[in-house]
Amino acid sequence: MRALLVVNPAATTTSARTRDVLIHALASDLKLEVATTEYRGHARDLARRAAGSGEVELVVALGGDGTVNEVVNGLLHHGPDPDSLPRLAVVPGGSTNVFARALGLPNDAVEATGALLDALRDGNERTVGLGLASGTPGTVDEAVPARWFTFTAGFGFDAGVVGRVEQQRERGRRSTHALYVRQVLRQFFSDPHRGRGTITLDRPGHTPVRELVLSVVCNTAPWTYLGNRPVYAAPGATFDTALDVLGLSSLSAAAVARYGTQLLTSSPGKGPHGKHALSLHDLTDFTLHSQAKLPFQMDGDHLGLRSSVTFTGVRRALRVIV
């Protein structure tokens, strides 16, 4: 099988020696080409060329969720076509690796490589659904290019936290769970919209839901991990359905304490709930608007400020080795 291995050399949890071991292991079973990313978006460009070549059967992403997101967007540059596009495999190398872990892969790069080789020998794969976010027609954001996401997107508070974490990482801080907790607190005390939400959720055939402070869109569960603890914002989300949404209409100190505790104690059967919590399951098409520009993130990558984003849940978008 001809395969392309896309390596992010800045991946948080893999050393150069570990990468060499993984490359040697994969090359023993695959006709392997190795490409190392050199700039933001390079993984997308590499995957797009692989998909267009008609020769590559498998693209392996070695890195974190950001690298996986770029590879997916490269593979689906011309849209989903599971029967024709190269399959995707993931070797986790980031700090959290939500997509890989949600697929049931080990969170250790060496163990995941072994599981990948076993899956290839046994022919184990599945077709997963993905989310697509695009600019909303008739708004100032209508020209924003559409982009795929694998496990989550956020509009508002949580995206602001992601942006703060990225700023800290650019200053040389390591991506740790303690760093995320500190940025959550800073976002809480500085967010000008947490007292009165500016987000409206529109979906065909339903009354708009207004004054949301936070909106999290999930393509799978769990939403994220704190160390080894899974966190479920939308427990019903799966790779086999469309998109789920968690919205909060209050981020008062009491609401943060309530819903923060519910997230930390969430389970596959129970997520955040209460009078300020909105939970919607299996949405194919909907739009999030805001009266003020708000931070937007996809798969943990901060994408700047937006006033409107249109979402589409696409079932059976890509084949993945599991």
Side-chain angles (χ1 to χ4, degrees), residues 3-11 33 35-54 56-94 96-100 102-103 125-136 141-155 159 162-163 166 217-220 239 242-243 284-285 295-304 306 309-321:
L4 171 67
L5 173 63
V6 178
V7 179
N8 179 2
E33 176 188 352
T36 300
T37 59
E38 300 175 357
Y39 54 85
R40 187 166 184 167
H42 196 186
R44 179 196 60 224
D45 296 341
L46 291 166
R48 183 173 68 240
R49 286 197 291 269
S53 71
V56 176
E57 300 170 80
L58 174 70
V59 176
V60 184
L62 171 53
D65 288 310
T67 303
V68 174
N69 180 278
E70 286 194 16
V71 168
V72 167
N73 275 277
L75 289 173
L76 274 65
H77 179 70
H78 294 295
D81 188 355
D83 294 330
S84 300
L85 289 173
R87 286 166 286 178
L88 171 70
V90 178
V91 177
T96 311
N97 307 305
V98 178
F99 181 66
L103 287 170
E125 61 180 60
R126 64 178 293 189
T127 304
V128 300
L130 298 171
L132 181 68
S134 56
T136 304
D141 294 319
E142 65 179 344
V144 175
R147 180 164 170 169
W148 298 90
F149 60 97
T150 63
F151 65 92
T152 192
F155 188 45
V162 170
E166 285 194 5
V217 181
C218 293
N219 186 50
T220 189
F239 288 125
L243 301 172
T284 302
D285 298 286
F296 180 58
Q297 67 88 12
M298 294 172 64
D299 287 349
D301 186 9
H302 187 263
L303 300 178
R306 301 279 180 86
V309 186
T310 293
F311 292 89
T312 306
V314 181
R315 297 176 177 84
R316 297 184 56 79
L318 188 65
R319 291 187 299 169
V320 182
I321 302 299

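- In this structure, Asn73 contributes its side chain and Trp148 its backbone to a donor-acceptor pair below 3.5 Å.
- Residues satisfying the ring pair (Phe, Tyr, Trp, His ring centres under 6.0 Å) test with Phe99, not counting sequence neighbours, are Phe239.
- Nearest heavy atom pair, residue Gly154 against residue Phe296, reads O-CD1, 3.2 Å.
- Taking the side-chain hydrogen bond (donor to acceptor under 3.5 Å, both in side chains) definition, one finds that Asp299 meets it with Asn69, Thr150, sequence neighbours left out.
- Between Thr136 atom OG1 and Arg306 atom CZ the span is 9.5 Å, to the nearest 0.5 Å.
- Annotation: side-chain hydrogen bond (donor to acceptor under 3.5 Å, both in side chains) contacts of Asp301 (sequence neighbours excluded): Arg40, Arg147.
- Formation of a donor-acceptor pair under 3.5 Å by the Glu142 side chain with backbone atoms of Gly135 is not found in this model.
- Residues passing the salt bridge (Lys or Arg N to Asp or Glu O under 4.0 Å) test with Arg49, sequence neighbours excluded: none.
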In residues 4-11, what donor-acceptor pairs under 3.5 Å come from side-chain atoms, sequence neighbours left out?
{"from": "Asn8", "atom 1": "OD1", "to": "Ala10", "atom 2": "N", "distance (Å)": "3.0"}
{"from": "Asn8", "atom 1": "ND2", "to": "Thr67", "atom 2": "OG1", "distance (Å)": "3.1"}

side-chain contact (heavy atoms from CB on, under 4.5 Å) between Leu103 and Val320, worked out: CA-CA 9 Å; Leu103 287 170; Val320 182; 3.6 Å; yes

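- Note that the CZ atom of Phe151 and the OG1 atom of Thr96 stand 7.5 Å from one another [nearest 0.5 Å].
- In this structure Ala146 satisfies the side-chain contact (heavy atoms from CB on, under 4.5 Å) test together with Leu132, Ser134, sequence neighbours excluded.
- Of the residues listed (Thr37, Leu76, Val59, Leu46), the one engaging Val71 in a side chain to side chain contact (heavy atoms under 4.5 Å, CB included) is Val59, and it is the only one.
- Asn219 contributes atom CG, which lies 5.5 Å from atom CG of Leu243 (distance to the nearest 0.5 angstrom).
- Every residue two or more places apart in sequence or in another chain was checked for a side-chain hydrogen bond (donor to acceptor under 3.5 Å, both in side chains) with Thr220, and none qualifies.
- From Tyr39, atom OH reaches atom CZ of Arg44 across 7.5 Å, with rounding to the nearest 0.5 Å.
- Under the rule for a ring pair (Phe, Tyr, Trp, His ring centres under 6.0 Å), the partners of Phe311 that lie at least two apart in sequence or sit in another chain are Phe286.
- Gly41 and Glu70 make their closest contact through N-OE2, 3.0 Å (heavy atoms, listed as atom of the first residue, atom of the second, distance).
- Qualifying ring pair (Phe, Tyr, Trp, His ring centres under 6.0 Å) partners for His302, counting only residues two or more places apart in sequence or in other chains: none.
- Across Gly313 and Ala242, no two heavy atoms sit closer than the pair CA-CB, 4.2 Å.
- In this structure Arg315 satisfies the salt bridge (Lys or Arg N to Asp or Glu O under 4.0 Å) test together with Asp282, sequence neighbours excluded.
- Taking NE2 of His78 as the start and CZ of Arg48 as the end, the distance is 7.5 Å to the nearest 0.5 Å.
- The two residues Ala50 and Ser53 make their nearest non-hydrogen contact at O-OG, 2.8 Å.
- Evaluation of the side-chain hydrogen bond (donor to acceptor under 3.5 Å, both in side chains) rule for Gln297 yields Asp158 as partners, not counting sequence neighbours.
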Ignoring hydrogens and angles, write down the donor-acceptor pairs under 3.5 Å from the side chains of residues 79-94, residues two or more places apart or on other chains.
{"from": "Asp81", "atom 1": "OD2", "to": "Ser84", "atom 2": "OG", "distance (Å)": "3.2"}
{"from": "Arg87", "atom 1": "NH1", "to": "Glu125", "atom 2": "OE1", "distance (Å)": "2.9"}

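- To the nearest 0.5 Å, the span separating CG on Asn97 from CG on Asp65 amounts to 6.0 Å.
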Steps toward side-chain contact (heavy atoms from CB on, under 4.5 Å) verdict (Val60, Leu58): CA-CA 6 Å; Val60 184; Leu58 174 70; 3.8 Å; yes

